[in-house]
2 protein chains.
Amino acid sequence: MASSAQRAGGADKRRMILDAAVVAFATRGFHACRVSDIADQANVAYGLVYHYFRSKDEVLDTLFLERWNVLLEVIAEIDGHPLPAREKLHAIASFIIDSYRHDPDLMKVIIVEVTRAANSFGRTHLAKIREAYELIADIVGKAQADGSFRSEVTPTFAALAFYGAIEQVLTGWIFDTLPQGEAEFDQAKAFIVETICGGLDANRPSTRPV
Amino acid sequence: MASSAQRAGGADKRRMILDAAVVAFATRGFHACRVSDIADQANVAYGLVYHYFRSKDEVLDTLFLERWNVLLEVIAEIDGHPLPAREKLHAIASFIIDSYRHDPDLMKVIIVEVTRAANSFGRTHLAKIREAYELIADIVGKAQADGSFRSEVTPTFAALAFYGAIEQVLTGWIFDTLPQGEAEFDQAKAFIVETICGGLDANRPSTRPV
DNA sequence: ATTTGCGTTGACTGACCAGTCAATCCGCCC
DNA sequence: GGGCGGATTGACTGGTCAGTCAACGCAAAT
């Protein structure tokens with residue numbers, strides 16, 4: 001009963017179902033994915049899914065909340081460090097992109113089925129999603145207050161633009177519209193931050209003075 | 001038979017169905033919306049929808065393509081004018097945001113059900129959607145070539161960031177996460193362009209020298 | 001050895017809905 | 001005024017699944 005899950009024993013069937021759901025949702029999409037697909041993928045009987053979860057929705061719910069709460073904690077923690085705002089944003093972009101690098105299926109599900117699906121499903125989680133924007137907006141707001149960011153733009157809009165850029169890039173990878181790979185991941189982090197913080201216009205120092 | 005649709009006569013039932021579908025899709029979402037909802041909304045018999053369209057999908061298809069093609073033409077046309085890149089981007093943001101202002105339901109459907117639904121539905125239209133990114137990337141690329149934009153960032157990423165920011169803001173309005181109104185619409189155009197072109201970092205002229 | 005009860009199974013049900021189709025309507029032409 | 005053909009109608013069918021539930025397995029408790 002201990003830890004290493006002898007065979008597939010009494011251990012965490014619940015976890016197995018969640019992991020299977022990630023694969024199933026990522027492969028067929030939440031709507032097209034039948035509960036039996038999850039059960040098959042988990043090597044578990046159909047009914048067991050309903051032993052651990054009230055509904056198919058609750059499975060997705062659980063996956064999303066598990067991960068999104070981590071994101072919120074990480075952002076808060078990054079903000080706690082005494083870093084320049086630009087580096088905080090880089091750290092956030094890094095975390096999100098590395099999340100995708102580490103578990104593309106999970107990120108695909110979260111983004112495609114929740115974050116970008118504010119209709120059908122994500123509606124329930126709008127508030128939770130918004131928390132992330134607000135944490136980012138906070139970072140921008142404080143940077144504006146201390147003068148390291150300009151104040152031409154509302155923190156809210158800056159946060160939306162920043163997060164929107166990240167999501168758009170992830171979506172590109174998810175649907176193979178954009179080449180991906182180790183190099184691209186790190187490049188993307190830098191480009192996103194550079195676009196949002198440095199801007200595209202030419203009249204400015206190409207590198208910030210130290 | 002002529003033009004002004006005597007009663008609801010022989011005129012464009014097809015158009016009526018499309019318009020009804022916009023309302024139905026916007027209200028209940030594509031998946032939750034039944035074909036009978038469209039027919040009811042259009043005051044038309046169920047079967048007539050299938051007289052004009054092969055499937056429910058084709059209705060959404062049609063709505064999307066009609067509008068997206070306009071967008072592509074407009075972007076191309078804007079690019080044709082001899083404007084600074086920054087103003088081209090502003091014009092594009094304006095067009096998209098004004099599209100929302102003019103017909104929020106249609107934009108909601110296009111964004112929520114197609115553009116942001118690259119899974120279930122939008123997959124068919126990935127290429128079409130990408131065309132828009134590429135047109136924008138072109139604008140950025142040319143501006144980099146003539147020196148008015150810096151070259152730190154790939155045109156592709158810049159385009160993604162720009163479009164992503166717009167979509168994120170629209171999504172905020174669509175789901176009432178962001179206050180909307182005449183003032184907000186124009187403000188948003190300016191903020192998006194200012195974020196992407198001007199950047200957030202402080203060390204630079206707050207206004208570009210003429 | 002027997003009981004107890006959670007974990008597990010998978011066949012089944014009820015609801016839902018996209019798409020079909022045979023019938024009707026109606027404007028127009030001969 | 002008869003009939004042709006596209007427009008229009010809506011009842012019906014077929015298939016799909018989410019969720020239920022009665023039964024079984026099995027480990028620990030007695």
Side-chain angles (χ1 to χ4, degrees), chain A residues 1-25 27-63 109 113 117 119-121 124, chain B residues 1-25 27-64 109 113 117 119-121 123-124:
Chain A
M1 72 173 69
S3 44
S4 46
Q6 23 120 316
R7 190 71 205 88
D12 259 13
K13 287 274 172 72
R14 192 185 125 99
R15 187 75 250 161
M16 291 174 64
I17 292 172
L18 284 171
D19 293 343
V22 169
V23 176
F25 291 160
T27 308
R28 332 204 12 157
F30 179 75
H31 285 289
C33 164
R34 287 155 290 169
V35 172
S36 64
D37 292 331
I38 302 176
D40 290 352
Q41 176 74 33
N43 270 311
V44 137
Y46 185 94
L48 197 63
V49 175
Y50 286 91
H51 180 71
Y52 288 109
F53 303 94
R54 253 192 300 273
S55 67
K56 186 182 161 192
D57 279 18
E58 201 186 82
V59 177
L60 180 51
D61 259 329
T62 305
L63 287 173
V109 170
E113 308 295 349
N119 229 7
S120 55
F121 197 85
T124 334
Chain B
M1 71 174 66
S3 46
S4 47
Q6 24 125 312
R7 190 70 207 91
D12 257 14
K13 287 275 172 72
R14 191 185 127 100
R15 187 75 249 163
M16 290 173 65
I17 292 172
L18 283 171
D19 292 344
V22 169
V23 176
F25 290 160
T27 308
R28 332 200 17 155
F30 178 75
H31 285 290
C33 164
R34 287 156 291 168
V35 173
S36 64
D37 292 331
I38 302 176
D40 291 352
Q41 177 74 34
N43 270 311
V44 135
Y46 185 94
L48 197 62
V49 175
Y50 287 92
H51 180 71
Y52 288 109
F53 303 94
R54 253 193 299 276
S55 67
K56 186 181 160 191
D57 279 19
E58 203 185 81
V59 177
L60 181 50
D61 259 328
T62 305
L63 287 173
F64 168 71
V109 170
E113 307 296 349
N119 229 6
S120 55
F121 196 84
R123 180 157 262 139
T124 334

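Heavy-atom basis, side chains included; hydrogens, waters and symmetry copies ignored. The chains referred to below are lettered A, B, ... by the order of the sequence lines, with proteins before strands, and numbering in each begins at 1.
The ring pair (Phe, Tyr, Trp, His ring centres under 6.0 Å) search around H31(A) returns H31(B), not counting sequence neighbours. Legend: residues meeting ring pair (Phe, Tyr, Trp, His ring centres under 6.0 Å) with F53(A), ordered by chain and number and at least two apart, are absent.
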Reading 5' to 3' through nucleotides 16-22 of chain C, protein heavy-atom contacts under 4.0 Å coded B for base, S for sugar-phosphate only, - for none: -SBBB--

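With hydrogens and angles disregarded, a donor-acceptor distance shorter than 3.5 Å links the side chain of K56(B) to the backbone of C33(B).
The distance from atom CG of D37(B) to atom OG1 of T27(B), rounded to the nearest 0.5 Å, is 9.0 Å.
Atom pair L48(B):CG and dA11(D):C1' shows a separation of 16 Å (rounding to whole Å applied). Counting to the nearest Å, the P atom of dC17(D) and the CD1 atom of I38(A) are 13 Å from each other. Going from atom NE2 of H51(B) over to atom C1' of dT24(C) covers 14 Å, rounded to whole Å. Nucleotide dG7(C) holds its C1' atom 8 Å from the NZ atom of K13(A), rounded to whole Å. Rounded to an integer number of Å, the gap from CD1 of I17(B) to C1' of dT8(D) is 10 Å. In this structure, N43(B) atom CG and dT8(D) atom P are separated by 13 Å, rounded to whole Å.
Residues T62(B) and R14(B) form a side-chain contact, since some pair of their non-hydrogen atoms from C-beta on lies under 4.5 Å apart. Side-chain contact check for F30(B) versus D57(B): some heavy-atom pair is nearer than 4.5 Å.
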